[in-house]
Amino acid sequence: MQFARINDVTIHYQVIGAPADRPVIVFTNSLGTDFRIWRDVVVRLAGEFPIVLYDKRGHGLSDVGQLPSSIADHATDLAGLLDLLSVKKAVICGLSVGGLIAQSLYQRRPDLVSALILCDTAHKIGTAESWNARIAAVEKNGIGSIVDAIMERWFTPAFRRPENTAYSGYCNMLTRQPVEGYVAACAAIRDADFTETAKTITVPTICVVGDQDGSTPPDLVLSTAKLIPDARYEVIPNCAHIPCVEQPEALTAVIRAFLTSITPGENSP
Ligand SMILES: O=C(O)CC1=CCC(=O)O1
């Protein structure tokens with residue numbers, strides 16, 4: 001396990017090596033998850049691309065850090081991690097709040113970003129009312145009280161079968177996040193709006209979404225793609241908010257095709 005102290009926060013991360021001439025991909029995960037959600041994508045891409053995974057503050061094995069925290073704080077953490085690892089430029093693949101962090105990183109440190117894979121995310125996610133209601137419910141009754149409602153957004157009914165052990169495992173992942181970290185991330189998402197930033201993005205970008213995403217539905221992700229000059233848009237069938245878990249093969253194919261298309265002079269990954 002690898003840990004770094006960044007902005008006074010202990011950050012849990014992992015680096016998986018590959019040829020140095022290939023673009024580094026950094027995966028940044030969603031609300032209520034840690035970096036293990038990328039496993040089935042990472043095993044497919046390992047050896048082709050250098051990979052950096054990390055748990056954002058307040059999640060997984062990373063510290064919660066000082067509260068309140070903003071999406072800008074998360075982006076500063078990511079910039080600090082990349083600086084520490086001497087990664088000069090990377091493709092940032094951000095899922096949901098991870099996509100907000102990716103847009104914030106682009107806004108603050110565009111030198112670090114060579115391309116964006118915005119996965120089940122948007123320029124703005126949810127409303128103040130919806131986030132305040134979620135924060136109130138979690139503060140009063142814990143994350144367990146919202147798990148069923150959240151799982152309906154994360155996964156399709158086909159995945160949410162009681163006999164699917166992966167489903168119960170992801171319920172555990174959600175409910176075991178620190179409450180303060182989860183609530184802080186909800187507030188950070190509530191207060192974030194990258195509408196203007198999205199219009200300024202000039203690096204190659206793809207917006208990808210599960211066809212049954214209940215948190216950032218295809219229409220919303222399409223509206224984000226339309227804000228970003230020349231952004232591509234792709235829908236992944238038979239999955240909801242977390243394609244890296246539900247359809248890792250399809251998501252990997254989208255990532256590989258995108259990276260191949262933006263890497264001049266290379267015919268294969
Ligand atoms: O928990 C959800 O509703 C899904 C989600 C919204 C932002 C995020 O990162 O995950």
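We count ligands from 1, going down the list as the structure has it; atoms in each ligand are counted the same way.
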One residue to check: [X]. Relative to ligand 1, which of side chain, backbone, both or neither has a non-hydrogen atom less than 4.0 Å away?
X: T216; answer: neither
X: R134; answer: side chain
X: I150; answer: side chain

Looking at atom 4 (C) of ligand 1, what's its closest protein heavy atom, distance included?
-> S215 OG, 3.1 Å
Can you pull out the closest protein heavy atom to atom 10 (O) of ligand 1? Residue, atom name and distance to 0.1 Å, please.
-> S96 OG, 3.0 Å
Of H59, E139, R134, which is the lone residue that meets side chain to side chain donor-acceptor pair (under 3.5 Å) with Y182?
-> R134
Listed once per pair and sorted, the salt bridge (Lys or Arg N to Asp or Glu O under 4.0 Å) pairs that draw on residues 186-204, sequence neighbours left out = E196-K199
Of all heavy-atom pairs linking Y54 and L81, the shortest is CB-CD2, 3.7 Å
Over all heavy atoms of both residues, which pair between L118 and G99 is shortest? Give the atoms and the distance, please.
-> CD2-O, 3.9 Å
Considering residues, nucleotides and ligands other than R176, do more than 12 of their heavy atoms fall under 6.0 Å from its CZ?
-> no
Q66 CD: over 12 foreign heavy atoms closer than 6.0 Å | no
Under 4.0 Å from a heavy atom of [X]: give me the atoms of ligand 1 that qualify, with their elements.
X: S30; answer: 9 (O)
X: R153; answer: 3 (O)
X: I189; answer: 7 (C)
X: W154; answer: 1 (O), 2 (C), 4 (C)

Answer yes if the ring centres of H12 and F35 are under 6.0 angstrom apart, and no otherwise.
-> yes
Kindly confirm or rule out an N or O of V97 lying under 3.5 angstrom from an N or O of ligand 1.
-> yes
